[in-house]
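What follows is one structure encoded as structure tokens, with my remarks underneath.
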Amino acid sequence: MRVSRLFSQTLREAPNDAEAISHVLLLRAGFMRQLASGIFSYLPLALRSLRKVENIIRAEMDAIGGQEITMPVIHPADLWRETGRYYDIDAEMSRFKDRGDRDMVLAMTHEEVVADLARKEIKSYRQLPQLIYQLQTKWRDDPRPRSGLIRVREFTMKDSYSLDATQEGLEVQYRAHYQAYFNIFNRCGIPTVAVAADSGIMGGKVSHEYMYLTGVGEDTIVRCAECGYSANAQVAQFRRSDAVAGAALPMEKVATPATKTIDDLAKLLDVEPRQTAKAVFFMGRYKKEEGVGDEERMIFAVIRGDLDVNETKVANAAGALGLRPAQDDEIKALGAVPGYAAPMGLKDVLVIADESIVAAPNLVAGANEEGFHQRNVNYGRDWQATTVADIASARAGDACSRCGTGVELTRGVEVGNIFQLGSRFTDALGARFLDETGRAQSIIMGSYGIGVGRLLACVVEHSHDDGGLVWPITVAPYHVHLVSLAKADGDARTAAEGLYAELTARGVEVLYDDRKENPGVKFNDADLIGCPVRITIGDRGLQNGIMELKVRSEAGKGAEVPVGEIVAQVEAKLAQLRAAIEATVVEVPYEV
RNA sequence: CGGGGUGUAGCGCAGUCCGGUUAGCGCACCUGCUUUGGGAGCAGGGGGUCCUCGGUUCGAAUCCGAGCACCCCGACCA
């Protein structure tokens, strides 16, 4: 491709509304342009890189038996009603009517369509297992797109779906994805970790998220350096510190004016925070039926005072689709006193208690009266929870649930996820097969996603410098950026045109800067666009019989290469870069 | 949805507080000449619903009201 003919232009200055480095560089280098919040056009350079990512994904999916298909972007709402997700999912799914007044939705994922295909196509155990996948547009009306391609509303996702006769079969396909995903991310040049995750709207039990660790990430990951335990903070487990032991004492009301926080309270009564009980109120959203608004229920979460409540865990324990903090007037409406709420004597409230509460005797809890607390509150004797569960958030330094070492918290971007779905969707849609004995059985499903654009953004976050992008060879839009310093016909131009033609003929992808620009402009653009290898051809070098070959990722001046050796040296360098990436593709032990 | 911020040429910005010639600067773009190995120089030139609608006023980019868009933090989410 000739730069003079390239559709996009580079920008000297970044648009003011770009903050994340991947966003800034992809805009400046002319890879993409924003149309609306979370909606982007991908220009020729970006599309080339995206296609390469997609082809890496295809190769790995095909290698584990995947068959590529394409499913519709627009689905009839009835299909989503059958699985119930039409009601479970809120405004994130966009809905509209077609001309026949039929309810339709924009696809945010494809479990429903796959289960529908399965019920129509799969009749016999002989047809199983299957693995189908697609690379296709998703629309998720995210309330808060941000950071360029890291979180968008319209995006391309690779989603694959496994269909199996048995749970064991599902696990085989799940493990195949587990490794294939590492292969994909490594080939794209980014390190990732697989972490235990919440399954969210997918349901199911086992799932992993693949995290690229970076400060710009929005997910918090709990990791143990000692034993390797890693989990999304939403579900991360840890060992709670011991409670202060003692025989149960009689309850005793004490005046505690103006103690809205646990710290104030502990100080006033001269106890440790872990000797108190903390109450947090949420409104939980429950399944919405046709034509009816959200049904909300008050949830009262109780946890030991030294711990923090984890909303995802509370929602799961309470069976709610989502939570929001309760307002003071909602709390009062139930007869509780904000700041002094007691778990005792509440009615019509779902009480979720953390495991830490049950084992801790003689806690200080609210007295349900402004300015008063109760001492010596004991679980079981004085109050009961609807559910006792793990609803605590792990913090840095908390003891690892496996080995007891202090855990670390890091931030990450989720570039992929894998779910063992089981038969939730196939049961809902009646997707069954006949087993060897002629009995109908539910098809067992798994689903597996990778955000292609987000992955590309992570590659940029991982690989750039002050000059711009530094593409791994595997996803670079072009292999070679050929800079011709010639502004008019002459030896340099002839040599550049000749090399461009020769490399292209040999299958090397070349971006050829044939513009009549000053050298500085061309070098800066080459650095910004970030192709792995740059060749510079100028009259000065040619007079000495050399061209310059520089590797983008290596500092310093490039190498002077005799004209006659340039093609061979370029090919050798490209092979070397490929080999370096390939060396990162290794077996990763499977961890649940 | 809550909090904060920003909307003036393709990009970056000034002008707005305190209303008043023809709305300005840098980069980018076009023409010519010169220059030519790390964002060149000179000269000439094109490009604007000053986010939108309404109001105040002799007069609005500027003041008032409403709305919209985009960004950041949070809620939320994959």
Side-chain angles (χ1 to χ4, degrees), chain A residues 8-20 23-24 27-28 30 33-39 89-93 108-109 138-148 150-153 155 157-159 197-202 207-211 216-219 232 234 282-283 285 311-312 315 321-325 327 412-419 447-455 466-468 483-488 490 492 513 515-528 534 536-544 546-548 550 557-558 560:
Chain A
S8 56
Q9 286 196 305
T10 56
L11 303 175
R12 286 207 183 180
E13 290 180 279
N16 187 30
D17 52 11
E19 205 159 273
H23 191 192
V24 168
L27 288 174
R28 281 195 57 212
R33 297 292 181 245
Q34 181 167 335
L35 178 63
S37 180
I39 305 177
I89 297 168
D90 216 15
E92 197 179 351
M93 183 161 71
M108 42 186 293
T109 179
K138 300 279 187 279
W139 170 259
R140 296 185 184 181
D141 196 357
D142 195 293
R144 177 131 144 66
R146 71 186 92 175
S147 305
I150 290 182
R151 189 162 151 181
V152 295
R153 296 194 292 170
F155 59 100
M157 180 186 247
K158 184 289 296 181
D159 41 332
D198 182 52
S199 49
I201 60 166
M202 296 302 178
S207 74
H208 285 88
E209 291 172 341
Y210 287 76
M211 295 287 182
V216 304
E218 312 184 84
D219 287 287
N232 192 308
Q234 291 176 331
F282 297 100
M283 293 302 285
R285 187 168 67 87
E311 288 196 25
T312 303
L321 295 168
L323 296 185
R324 65 174 174 83
Q327 312 282 327
V413 176
E414 181 191 341
V415 289
N417 53 31
I418 56 179
F419 296 97
S447 88
Y448 316 84
I450 292 176
V452 177
R454 179 182 282 185
L455 173 50
D466 292 344
V483 175
S484 162
L485 298 180
K487 278 194 179 172
D513 196 344
R515 296 174 300 173
K516 295 182 176 65
E517 289 287 352
N518 283 320
V521 173
K522 294 186 174 186
F523 291 138
N524 280 305
D525 277 349
D527 288 348
L528 183 57
R534 188 185 79 195
T536 306
I537 299 179
D539 286 322
R540 186 196 294 175
L542 278 186
Q543 279 160 17
N544 301 316
I546 60 113
M547 296 175 178
E548 186 203 86
K550 183 175 182 316
K557 301 277 290 177
E560 295 189 340

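Note on naming: letters A, B, ... go to the chains in the order of the sequence lines (proteins, then strands), and numbering restarts at 1 for each one.
- In terms of modelled atom types and a separation under 3.5 Å, the side chain of A:Arg33 and the main chain of A:Leu27 share a donor-acceptor contact.
- Picking from B:rA28, B:rA75, B:rA78 the nucleotide with the shortest atom distance to the side chain of A:Phe155 gives B:rA78.
- Closest non-hydrogen pair, A:Val24 versus A:Glu19, comes out as CG2-O, 4.1 Å.
- Distance A:Asp198 CG to B:rC77 P: 9 Å, rounded to the nearest Å.
- No side-chain donor-acceptor contact under 3.5 Å links A:Arg285 to the backbone of A:Leu323.
- Residues A:Arg153 and A:Asp141 are paired through a salt bridge, judged by an N-O separation under 4.0 Å between the basic side chain and the carboxylate.
- Nucleotide B:rA69 has B:rU6 as its partner under the Watson-Crick or G-U criteria, with both atom distances under 3.5 Å.
- Atom P of B:rG44 sits at a distance of 32 Å from the matching atom of B:rG7, rounded to the whole Å.
- In terms of modelled atom types and a separation under 3.5 Å, the side chain of A:Asp90 and the main chain of A:Glu92 share no donor-acceptor contact.
- Under the Watson-Crick or G-U wobble criterion, with both distances below 3.5 Å, B:rG74 is paired with B:rC1.
- A donor-acceptor pair is defined here as one N or O able to donate and one able to accept, closer than 3.5 Å; no such pair exists between the side chain of A:Lys158 and the backbone of A:Val452.
- By the neighbour-count criterion of 12 heavy atoms within 6.0 Å, atom CD of A:Glu218 is densely surrounded, having more than that number from other residues, nucleotides or ligands.
- A:Gln234 comes within 4.0 angstrom of no nucleic acid atom, judged by non-hydrogen atoms across all strands.
- With a cut-off of 3.5 Å on both Watson-Crick or G-U wobble distances, the partner of B:rG48 is given as none.
- Judged by distance alone, the side chains of A:Asp198 and A:Thr312 never bring a donor and an acceptor atom under 3.5 Å apart.
- Residue-level contact check: A:Pro143 touches the bases, meaning some heavy atom is under 4.0 Å from a base atom.
- With sequence neighbours left out, A:Tyr210 forms a ring-ring contact (aromatic ring centres under 6.0 Å, His included) with A:Tyr181, A:Phe182, A:Phe185.
- Within the nucleic acid shown, A:Val152 comes within 4.0 Å of at least one base atom, counting heavy atoms only.
- Using C1' as the reference atom, B:rA69 and B:rU49 are 16 Å apart when rounded to the nearest Å.
- The partner of B:rG37, taking Watson-Crick or G-U wobble pairs whose two distances both stay under 3.5 Å, does not exist in any strand shown.
- Figure legend. B:rC42 is base-paired to B:rG32; pairs are counted as Watson-Crick or G-U wobble with both atom distances under 3.5 Å.
- Heavy atoms of A:Arg454 sit under 4.0 angstrom from at least one base atom.
- When the C1' atom of B:rA78 is taken as reference, atom CE of A:Met93 falls 15 Å away, rounded to whole Å.
- Rounded to whole Å, the C1' atom of B:rC27 lies 29 Å from the corresponding atom of B:rC17.
- The separation of B:rC68 from B:rU52, taken at their P atoms, amounts to 15 Å, rounded to a whole angstrom.
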A correct 5'-to-3' footprint of nucleotides 67-72 of chain B, with B, S and - meaning base, sugar-phosphate only and no protein heavy atom under 4.0 Å, is ---SSB
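- Side chain of A:Arg534 to main chain of A:Lys550: no donor-acceptor pair is present (N/O by atom type, distance under 3.5 Å, no hydrogens or angles).
- Taking the C1' atom of each, B:rA9 and B:rC50 are spaced 10 Å apart, rounded to whole Å.
- One can place CD of A:Glu209 at 12 Å from P of B:rC77, the figure rounded to the nearest angstrom.
- You'll find the side chain of A:His23 stays beyond 4.5 Å of the side chain of A:Arg146, heavy atoms only.
- Look at CD1 on A:Ile150: it is 18 Å from C1' on B:rC76, rounded to the nearest Å.
- Using N1 to N3 plus N6-O4 or O6-N4 for Watson-Crick, or N1-O2 and O6-N3 for G-U wobble, each under 3.5 Å, B:rC11 pairs with B:rG26.
- A distance of about 28 Å separates the C1' atoms of B:rG5 and B:rA78, rounded to the whole Å.
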In 5'-to-3' order, the base (B), backbone-only (S) or no-contact (-) status of each nucleotide in nucleotides 34-46 of chain B, using a 4.0 angstrom heavy-atom cut-off, is -BBBBBB------
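- Considering only the side chain of A:Glu311, B:rC76 comes nearest among B:rC76, B:rC77, B:rC11.
- Whole-Å rounding puts the A:Leu455 CG to B:rA78 C1' distance at 14 Å.
- If you measure from atom CG of A:Asp142 to atom P of B:rA75, you get 13 Å, rounded to the nearest angstrom.
- Atom name P, nucleotides B:rU16 and B:rU62: the rounded distance is 12 Å, in whole Å.
- As rounded to whole Å, 12 Å separates atom C1' of B:rA75 from atom CZ of A:Phe282.
- For the C1' atoms, the distance from B:rC29 to B:rC11 is 12 Å, rounded to whole Å.
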